[in-house]
Structures are given as structure tokens and as C-alpha cells.
Chemist: 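Sharing a structure with you now.
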There are 2 protein chains.
Amino acid sequence: MTSGDGTRKSQPTIYDVARLAGVAPSTVSRAFARPGRVNADTAQRIREAAAQLGYRANPVARALSTSRTRMIALMISDVTNPYYSELIRGAQLAASQEEYTVLLTDARESDVVERESLERVLPVVEGIVIGSSRMSDSTLRVIAKQTPMIVLNRHLAGIPSVVTDNPRGVRRAVEHLGELGHEHITYVAGPEASWADGMRWRALREAGHELHLHTRRVGPVAPTLQGGRDARALLRPHLPTAVICYNDLVAIGLMRTLTAEGVRIPDDVSVVGFDNILPAELVSPGLTTVASPLRTLGSTAVGNLLAIIRGALHTTDKPFVLPTRLVVRESTGRTARR
Amino acid sequence: MTSGDGTRKSQPTIYDVARLAGVAPSTVSRAFARPGRVNADTAQRIREAAAQLGYRANPVARALSTSRTRMIALMISDVTNPYYSELIRGAQLAASQEEYTVLLTDARESDVVERESLERVLPVVEGIVIGSSRMSDSTLRVIAKQTPMIVLNRHLAGIPSVVTDNPRGVRRAVEHLGELGHEHITYVAGPEASWADGMRWRALREAGHELHLHTRRVGPVAPTLQGGRDARALLRPHLPTAVICYNDLVAIGLMRTLTAEGVRIPDDVSVVGFDNILPAELVSPGLTTVASPLRTLGSTAVGNLLAIIRGALHTTDKPFVLPTRLVVRESTGRTARR
DNA sequence: GTGAAAGCGCTAACAA
DNA sequence: TTGTTAGCGCTTTCAC
């Protein structure tokens with residue numbers, strides 16, 4: 001079969017190798033799959049023949065008969081968000097270690113796109129990690145029934161998950177702010193559907209209570225730069241001295257708006273984010289943030305997924321918790337006011 | 001076949017649908033592939049049967065018999081680099097429009113990883129776009145012989161490519177600097193293997209010549225933040241008043257180092273980058289940069305690739321050129337010195 | 001240890 | 001227009 005410009009020489013098949021090596025095709029197959037079950041010298045002949053012909057197994061054919069494609073899907077809401085860069089990297093790392101390929105499905109912040117790309121990808125992959133999704137818990141459960149699945153930063157009873165230790169991270173941030181003399185902390189909330197958002201706010205309230213700091217919640221806003229800009233309006237009429245934002249993007253958007261108004265950070269207001277994405281260290285002042293181990297998040301998820309695919313029965317229903325740490329930069333400081 | 005926890009109910013096949021609809025399997029196949037060639041009511045029956053069973057064609061089986069997987073590969077050197085975020089987005093956009101899936105292969109800045117992931121992915125895809133690659137021209141040509149291919153920001157005789165209009169962009173940057181009173185411009189070079197680097201430096205020299213500005217080249221440095229930091233040392237003993245960097249990351253790295261030293265930007269030195277990645281607008285001062293239409297770059301590449309796959313004979317050998325534009329922010333200004 | 005043969009689910013001739 | 005029949009390239013019993 002030809003296509004495009006010119007003829008593509010079709011790859012040699014297992015039959016070509018078999019003929020050249022003087023064995024049956026099934027023996028060739030065996031030689032690759034279970035080298036132990038074939039005579040040493042036969043195997044040698046086969047390997048030589050294969051090398052000579054430049055034989056490469058056709059993964060599609062293999063997948064058809066074994067129904068193992070050696071592909072997994074990673075579903076995220078927006079490739080463009082720096083949050084996912086490191087996560088993708090981690091996922092790829094873990095996958096390639098076991099010779100798996102990861103199919104990125106980017107929802108582009110749209111649920112119809114999410115559905116479509118999922119449908120396209122689902123029948124091809126052996127499992128899926130949900131990096132983020134707009135789908136409801138029940139929809140996800142339906143899918144999990146069909147294919148191995150693991151979710152990130154979300155808790156779904158019965159479905160294995162990997163999450164970051166929000167409570168501890170928040171606690172550290174609150175302590176930090178407390179030490180700097182702040183008495184009130186305002187939380188700028190992210191999407192209500194976000195499990196992490198709920199966790200963060202709850203942890204903040206609790207930590208505030210324990211440490212005798214007042215906490216308040218405004219929002220929700222979109223988890224984007226624009227969301228951060230929008231948050232400015234929610235901070236009127238009295239600008240708080242300390243605010244913790246749903247994520248770094250929101251924090252950065254807010255900081256920029258504030259700075260443009262002439263508000264000084266951290267002198268007038270301290271700002272804290274979540275995740276520690278690359279821009280957090282690039283902006284001025286540098287953003288203090290509760291860092292997630294993004295890369296590890298990706299690799300752990302894939303590692304666990306692969307284990308499940310291999311047949312591991314994930315006994316525990318508890319989420320796999322990854323540690324966070326507070327990265328202190330210049331966006332937080334002792335308040336001049338009050 | 002079961003796997004993992006519990007039994008996965010196997011998907012209905014074309015045979016199930018055929019039986020339920022009371023037709024031959026091939027008719028079912030036809031009904032989906034060429035609805036025109038089947039009776040309206042037969043088609044209707046088939047569709048109903050399929051819907052009732054929840055039938056979904058098995059893409060693997062389809063791919064095996066047609067040798068069309070509806071997948072293409074996008075090869076990049078580093079997912080973590082913000083440069084690729086928008087590019088990936090564009091590629092996905094164009095691909096999903098034609099119901100193709102894109103396989104991201106991330107070289108992680110390593111040539112062995114690049115080779116491996118390419119090998120794994122090549123037999124599965126119908127074509128490949130080279131976003132960036134360490135491979136030599138001749139190696140790429142060998143691959144191009146086997147599969148449709150399109151390269152970005154690189155010129156390979158006989159292989160279709162999409163590039164950004166560096167000359168014009170550089171020209172605009174130089175004019176801008178000239179208007180601000182600068183008389184010397186230093187170029188911080190990127191990787192020597194980079195085609196874009198050569199283009200940029202050459203265009204800079206030419207523009208400088210025409211506009212009677214002195215130009216100088218230092219480097220090369222790595223195309224990263226660290227590269228930008230390293231570039232600082234190359235700017236001794238006399239800090240130039242204007243520098244153009246290979247890309248935004250280098251420019252940002254350099255700016256940060258400079259700022260940390262107390263050098264004022266743009267008062268002491270003006271800095272220009274390339275690409276206009278997200279952080280360029282986030283840093284302070286905002287980075288003046290020659291913007292590439294990143295998303296369009298990705299979508300154009302994929303669009304052209306898909307056209308070739310469909311059998312378009314790409315008559316022209318000339319690269320497809322995309323326009324650039326100068327985005328002026330705060331990192332450039334009138335020099336105080338001289 | 002090796003070969004023969006059937007089959008994975010779909011498409012593509014070729015007949016009818 | 002529809003059904004019949006071979007495959008696509010590989011894996012996997014099951015004999016030998």
C-alpha cells in the first residue's frame with residue numbers, strides 16, 4: 001500500500017523473519033516473547049534474521065491479539081497551564097520506564113472536548129489517570145468500571161487516588177503568616193467543583209482556629225491569571241493584610257493587579273499560592289507558595305496505575321498522600337498595618 | 001479476559017451488531033465507513049442495533065486492517081518548557097478537528113530518550129511533526145522516507161517545514177532598539193545546532209548593518225533560564241546597553257541575574273527575547289520580545305501534515321512562513337549611558 | 001522444543 | 001445493495 005508522496009516500503013513481518021531463519025512464524029513470536037522456551041541457537045538464528053531484515057514487531061497487530069496496547073491516557077484540563085508541565089513530565093518518566101506510551105488528552109477547559117477526546121482514547125489505552133476532570137464522580141465511576149483508573153487530587157470512594165498533603169501545607173503557611181504578625185487571613189477560593197479547594201479552605205479554617213487567627217473566604221474565582229485579577233474586587237473595601245489563593249496562577253494574577261494599583265507586596269499585603277509552578281519563582285516579588293511535588297505526583301500516579309494494570313489488587317481505599325512543603329519567597333512579610 | 005480488579009465486560013463487536021440487525025458483518029462495517037453505499041433503512045437498523053448494544057468500533061482492529069491509526073506524533077525536546085505549551089495546544093486543536101490523536105514524545109533533552117520514544121511511537125503513527133530534535137539532518141531524512149513528516153523552525157531540503165519569520169521580527173526589534181538610541185547590540189546565542197539561532201544572528205547582523213548599529217555575538221548558552229544566568233559572565237567587562245537573547249527563557253534568566261546585581265533594566269541595559277512565552281509577560285519588568293504565533297505554529301504543522309497524509313503532494317519545497325511581531329514591554333528603554 | 005492452525009475485530013475485494 | 005471470503009501481523013492453544 002502506498003500513501004502520500006511515493007511508496008513506503010512495507011516493514012518486514014514475522015513471516016519474513018521466519019522464512020529467513022528457517023523456522024515457523026510461531027517460533028519467531030516465541031523467541032521474542034519467551035526467549036526461555038526456545039533453543040539457544042534457534043533463538044540466535046532468529047535474532048540474526050530479524051536484525052538483518054530490520055524487523056520491528058508491529059505493535060498494532062500485537063495489541064489486537066493481546067489487547068494490550070502499552071498505552072495509558074493522562075487526562076488534564078489544560079496543557080497550557082504550567083501546573084501540568086511537570087506533572088506530564090513525571091508521568092512520561094514513569095511510563096517510559098515500563099515501555100508504555102502516554103496519550104495526553106487535553107480537555108481545553110471544555111467538557112465536550114473532554115468527552116470526545118476521552119471517547120477517542122479510551123478504547124486504545126490500558127488505563128487512565130485523571131489529572132483533572134469536569135466529570136462528575138458518578139461518570140468517573142462508570143469509566144473506572146471499564147478500565148483501570150487513578151485520580152489525582154480528588155477523592156472517590158473505591159477508586160485509587162494520589163493527593164498532596166494539603167492540610168500540612170496549609171498549616172505551615174498559616175504558621176508562617178502568624179509568625180509574621182498577621183491576624184486575619186483571607187482565602188481566595190477556586191472552582192467549587194475542585195476537591196483541592198475544599199480541602200484547602202477547610203484546612204485553613206482549622207489551622208486558623210488552632211492558631212487563633214481569623215479566616216475568611218471569598219470567591220470562587222477561575223483558577224487562572226484572570227481569576228486572580230477578578231479576585232481583586234472581592235477584597236474590597238478593606239484589603240486584608242494576608243491572602244492565600246487557591247493556586248499560584250490566581251495569586252500571580254492578584255499580585256499583578258495589586259501592584260499595578262500601587263499596593264506594595266508584601267508590605268501592604270502578603271500573598272501565598274499553591275503548587276509552586278515555574279512562574280511563581282519568576283515573578284517579582286517571588287511568590288511564597290505551598291509546593292506540590294508535581295513531578296512525583298505524575299510518576300506516582302502512573303506507577304500505581306501500571307501496577308494495577310499488571311494485576312495488583314489495590315487493597316487500600318486510602319488515597320496515596322504526597323508531602324507538600326512551604327516555599328517562602330518575597331511575597332510574604334511582616335505587615336506594616338494594624 | 002479479566003484484568004485488575006474484577007471482570008471487564010468485553011465490548012460488543014461488529015458481529016454482535018450484525019446479528020442483532022440481521023445483516024452481514026461487512027454491511028455493518030460499510031454502514032459506518034460509507035453510509036452512502038447502504039440502504040437507508042438497513043443503515044437505520046444497524047445504527048439502532050449499535051446504539052442498543054453500545055457498540056464502539058475497535059480502533060486497534062481497524063488500524064490493523066487499514067494501517068491507519070488516526071494518530072500522529074509530535075516530537076519535542078522538553079514538555080517542561082513553556083514554549084511548547086501553546087504549540088501543543090495548537091497541534092491538538094488541529095488534530096482533533098480531523099479526529100486524530102496526537103502522541104507527544106518528549107525527549108527530555110536527551111538523545112537516547114528521543115530515539116527510544118521515537119522508535120516506540122513511529123510504528124503506530126501515520127505521520128510526525130518534529131517540534132524540535134537533536135537528530136541530524138540525515139537521520140531525519142531517513143525517517144522522513146518512512147513516514148510523512150513536517151519540521152518546525154528548521155530547514156531540510158525536500159522536507160516540508162513551518163517556520164516563523166525571524167528576519168522580519170529581528171528587524172523590528174533592531175529598529176525598536178535603534179529608536180531608543182542604542183548603538184550597540186549584543187546577541188546572546190543559543191544552541192549552535194539550532195537553525196533558528198543561525199537565522200536570528202544572521203538577521204541581526206544584517207539589520208544592524210543596514211541601520212548602522214554595531215552588533216556582536218556571545219555564547220552559545222543553553223536555551224534555558226540557567227543559560228541566561230550563564231550569559232551574565234559573557235557580558236563582561238563592559239555591560240552592553242542592549243542585548244537580544246536567543247529566547248525568552250535566556251532573556252529572563254539574564255534579567256534576573258542582572259537585577260540581583262543591582263543593574264537596572266531598562267535604564268542600564270535593555271533586554272529583548274524571542275517567542276513570547278507566558279512568563280515573558282509575568283516577569284518584572286515585562287519582557288520585550290519577538291513573538292511567535294506558537295499556537296498557529298502547532299496547528300499549521302499538524303494541518304499540513306494531515307494534508308500530506310491524505311495524499312497532498314506538497315509541491316513547494318519552500319518553508320511555510322508564519323509572521324512574527326514585536327511585543328514591546330518594559331525591558332527595553334532609552335539608555336542612560338553613553 | 002517446534003510446527004500447524006485458529007483467531008483477535010475489522011476492512012476490502014469479489015461475487016451474487 | 002448485500003453477503004462471502006480472505007486477509008491485516010501477531011499470539012496462543014494444541015499437537016507432535
Side-chain angles (χ1 to χ4, degrees), chain A residues 1-3 8-47 49-50 53-71 99 120 122-126, chain B residues 1-3 8-47 49-50 53-71 120 122-124 126:
Chain A
M1 238 157 241
T2 74
S3 83
R8 261 174 257 306
K9 41 175 158 281
S10 62
Q11 289 289 116
T13 71
I14 209 173
Y15 299 102
D16 301 318
V17 177
R19 193 175 315 122
L20 183 59
V23 296
S26 59
T27 307
V28 175
S29 173
R30 232 173 266 137
F32 287 115
R34 279 182 270 298
R37 292 187 202 259
V38 74
N39 247 354
D41 52 324
T42 331
Q44 178 62 15
R45 283 214 318 284
I46 291 175
R47 255 178 283 119
L53 293 167
Y55 167 77
R56 322 222 37 109
N58 179 331
V60 177
R62 188 200 301 265
L64 180 58
S65 76
T66 61
S67 63
R68 315 200 60 233
T69 57
R70 301 202 79 81
M71 301 208 213
E99 305 199 283
R120 192 172 314 138
L122 215 44
V124 173
V125 299
E126 294 179 35
Chain B
M1 239 157 243
T2 73
S3 82
R8 256 171 263 308
K9 43 176 156 278
S10 63
Q11 289 290 116
T13 72
I14 208 172
Y15 300 102
D16 301 318
V17 177
R19 192 175 317 120
L20 183 58
V23 297
S26 62
T27 307
V28 176
S29 172
R30 231 175 266 136
F32 287 114
R34 281 182 268 298
R37 292 188 201 259
V38 73
N39 247 353
D41 53 324
T42 333
Q44 178 61 16
R45 282 214 318 285
I46 292 175
R47 254 178 285 117
L53 262 36
Y55 168 76
R56 325 225 31 114
N58 178 333
V60 177
R62 188 200 302 266
L64 181 57
S65 76
T66 60
S67 63
R68 315 201 60 234
T69 57
R70 300 201 80 81
M71 302 208 214
R120 191 171 315 136
L122 215 45
V124 173
E126 294 180 37

Chemist: For B:A24 and B:A18, work out which heavy atoms get closest and say how close.
Modeler: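 Scanning both residues, the minimum pair turns out to be C-CB, 3.9 Å.
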Chemist: Taking DNA chain D as the partner, which of residues 19-38 of chain A come within under 4.0 angstrom of it by heavy atom?
Modeler: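 Of all residues in residues 19-38 of chain A, the ones placing a heavy atom under 4.0 Å from DNA chain D are A:S26, A:S29, A:R30, A:R34.
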Chemist: Using every non-hydrogen atom in the two residues, find where B:P59 and B:A57 come nearest and quote the distance to one decimal.
Modeler: CD-O, 3.1 Å
Chemist: State the CD1-CZ distance between B:I14 and B:R62, to the nearest 0.5 angstrom.
Modeler: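 With rounding to 0.5 Å, CD1 (B:I14) is 8.5 Å from CZ (B:R62).
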Chemist: I'd like to know if the side chain of B:N58 and the backbone of B:A61 have a donor-acceptor N/O pair within less than 3.5 Å.
Modeler: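 Such a contact is found between B:N58 side chain and B:A61 backbone.
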Chemist: Please identify the 5'-most and 3'-most nucleotides of DNA chain D with any atom under 4.0 angstrom from a heavy atom of chain B.
Modeler: D:dT1 to D:dG9
Chemist: Estimate the overall bend of the helix from C:dG1-D:dC16 to C:dA16-D:dT1 from the end axes over five pairs each, rounded to 10 degrees.
Modeler: 40°
Chemist: Please report the shortest heavy-atom distance between A:V125 and A:T69, naming the atom on each side.
Modeler: CA-OG1, 3.9 Å
Chemist: What's the shortest heavy-atom distance between A:V17 and A:I46, and which atoms?
Modeler: CG1-O, 3.9 Å
Chemist: Separation of A:R62 atom CZ from C:dG9 atom C1', in whole Å?
Modeler: 18 Å
Chemist: Could you state the CZ-C1' distance from B:R56 to C:dC10, rounded to the nearest angstrom?
Modeler: 16 Å
Chemist: How would you list all residue pairs meeting salt bridge (charged side-chain N to carboxylate O under 4.0 Å, His left out) that involve residues 26-46 of chain B, not counting sequence neighbours?
Modeler: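 The answer is none; no pair qualifies.
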Chemist: Check the distance between C:dC8's P and B:D16's CG and give it to me in whole angstrom.
Modeler: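 Rounded to whole Å, this separation is 11 Å.
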Chemist: Please find the pair of heavy atoms, one from B:P12 and one from B:Y55, that lie closest to each other, and give the distance.
Modeler: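 So the minimum-distance heavy-atom pair works out to O-CD1, 3.3 Å.
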Chemist: Contact class for B:A63 vs. all strands (heavy atom < 4.0 Å): base, sugar-phosphate, or nothing?
Modeler: nothing
Chemist: Considering residues at least two apart in sequence or located in another chain, which fulfil the side-chain hydrogen bond (donor to acceptor under 3.5 Å, both in side chains) criterion with B:R47?
Modeler: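 Expected list: B:Q44.
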Chemist: Who are the side-chain hydrogen bond (donor to acceptor under 3.5 Å, both in side chains) partners of B:R56, not counting sequence neighbours?
Modeler: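 B:R56 satisfies side-chain hydrogen bond (donor to acceptor under 3.5 Å, both in side chains) with A:E119 once adjacent residues are dropped.
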Chemist: Between A:Y15 and A:N39, which residue's closest nucleotide on DNA chain C lies nearer the 5′ terminus?
Modeler: A:N39
Chemist: Ignoring hydrogens, what is the shortest heavy-atom contact between A:M71 and B:V124? Give both atom names and the distance.
Modeler: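 That would be CE-CG1, 3.7 Å.
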